[in-house]
Amino acid sequence: VQLQASGGGVVQAGGSLRLSCAASGLIFMSYDMGWFRQGPGKERELVSAIGGNGVATYYSGSVKGRSTLSRDNARNTVYLQMDSLSAEDTAVYYCAARPRRSIIGIPLDQTSGYKYWGQGTQVTVSS
C-alpha cells in the first residue's frame, strides 16, 4: 500500500491550497481517509476525515468552515481544499487510511485505527 501526498508549498496568509493524496495497493472505497498535521513544536492532530463512500466527513474546529474534504474513488484520490490560511496552518500534512467505519466501527472524529500513512507534505503560510 502506498499513499502519496502532494500539493503543499508556501502560500501567503489568506491564500488557499489543495492537498491531494493518491492511494494504491488497496481497495480504496473500503477505507476511511484522514488528513493529519503536525506543526512546529506541536502534537500531531487530526484535521479532517472522510468515510469510504465519501458521504460522511469530519472537520476539526481549527479548519471547519474553511476547508473541504472530498474523494474520488474512481481515481483513488482524496483532496483537502484549505482556504483562508494563516500561520497557524503551517505544518507537515499527512494523509492516512484505515478500514472504513462499517468494518471496524471507529467514528470519523477518532484518531485510532489508521493503518497506512503517506510521507507528508509541507505547508508553510507566510504572513
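Note that these values count all heavy atoms, side chains included, but never hydrogens, waters or copies made by symmetry. Owing to the predicted nature of the structure, the values given are computational and were not obtained by experimental measurement.
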Between F36 and Y114, how do the two ring planes meet: parallel, tilted or perpendicular, split at 30° and 60°? perpendicular

Show the nearest heavy-atom pair for residues Q122 and A91, with the distance to one decimal. NE2-O, 3.4 Å

Any V63 side-chain heavy atom under 4.5 Å of R37 side chain: yes

Can you measure from CE (M82) to CZ (R18) and round to the nearest 0.5 angstrom? 14.0 Å

Can you say whether the rings of Y31 and Y116 are parallel (under 30°), tilted (30 to 60°) or perpendicular (over 60°)? tilted

Greater than 12 external heavy atoms within 6.0 Å of I27's CD1: no

Where do A5 and C95 come nearest, in terms of heavy atoms and distance? CB-SG, 4.1 Å

Rounded to the nearest 0.5 Å, what separates atom CG in L26 from atom CG in N76? 6.5 Å

Consider only side-chain heavy atoms of I, L, V, M, F, W and Y, link residues closer than 4.5 Å, and tell whether Y94 and V47 are in one cluster. no

Exceeds 12 heavy-atom contacts within 6.0 angstrom, atom CD of E88: no

Mark yes when over 12 heavy atoms from residues, nucleotides or ligands other than Q2 sit less than 6.0 Å from its CD; otherwise mark no. no

Looking at every heavy atom in both G8 and V123, which two are closest together, and how far apart are they? CA-CG2, 4.0 Å

Does some side-chain heavy atom of L46 sit less than 4.5 Å from a side-chain heavy atom of Y58? yes

Interatomic spacing from NZ in K42 to OG1 in T90 - rounded to 0.5 Å: 8.0 Å

So does Q4 get a backbone contact from the side chain of Q119, meaning a donor-acceptor N/O pair under 3.5 Å? no

Please check if the side chain of R66 supplies one atom and the backbone of S62 the other of a donor-acceptor pair under 3.5 Å. yes

Working to the nearest 0.5 Å, report the span between CZ of R100 and CG of L108. 10.5 Å

Between R98 and S112, which heavy-atom pair has the shortest distance, and what is it? NH1-O, 2.6 Å

Heavy-atom pair with the smallest gap, counting every atom of F28 and V78: CZ-N, 4.2 Å

Expected output: side-chain D32 to main-chain R101 donor-acceptor under 3.5 Å: yes

Rounded to the nearest 0.5 Å, what separates atom CD1 in I50 from atom CG in L69? 4.5 Å

Under 3.5 Å: donor-acceptor pair, side chain of N73, backbone of N53: no

Check: R71 side chain, G51 main-chain N or O, donor-acceptor pair, under 3.5 Å: yes

Same apolar cluster (I L V M F W Y, side chains within < 4.5 Å links), L19/V11: yes

Minimum heavy-atom separation for S127 to A13, with atom names? CA-CB, 4.3 Å

Hydrophobic cluster identity match, Y79 and L3, side-chain contacts under 4.5 Å: no

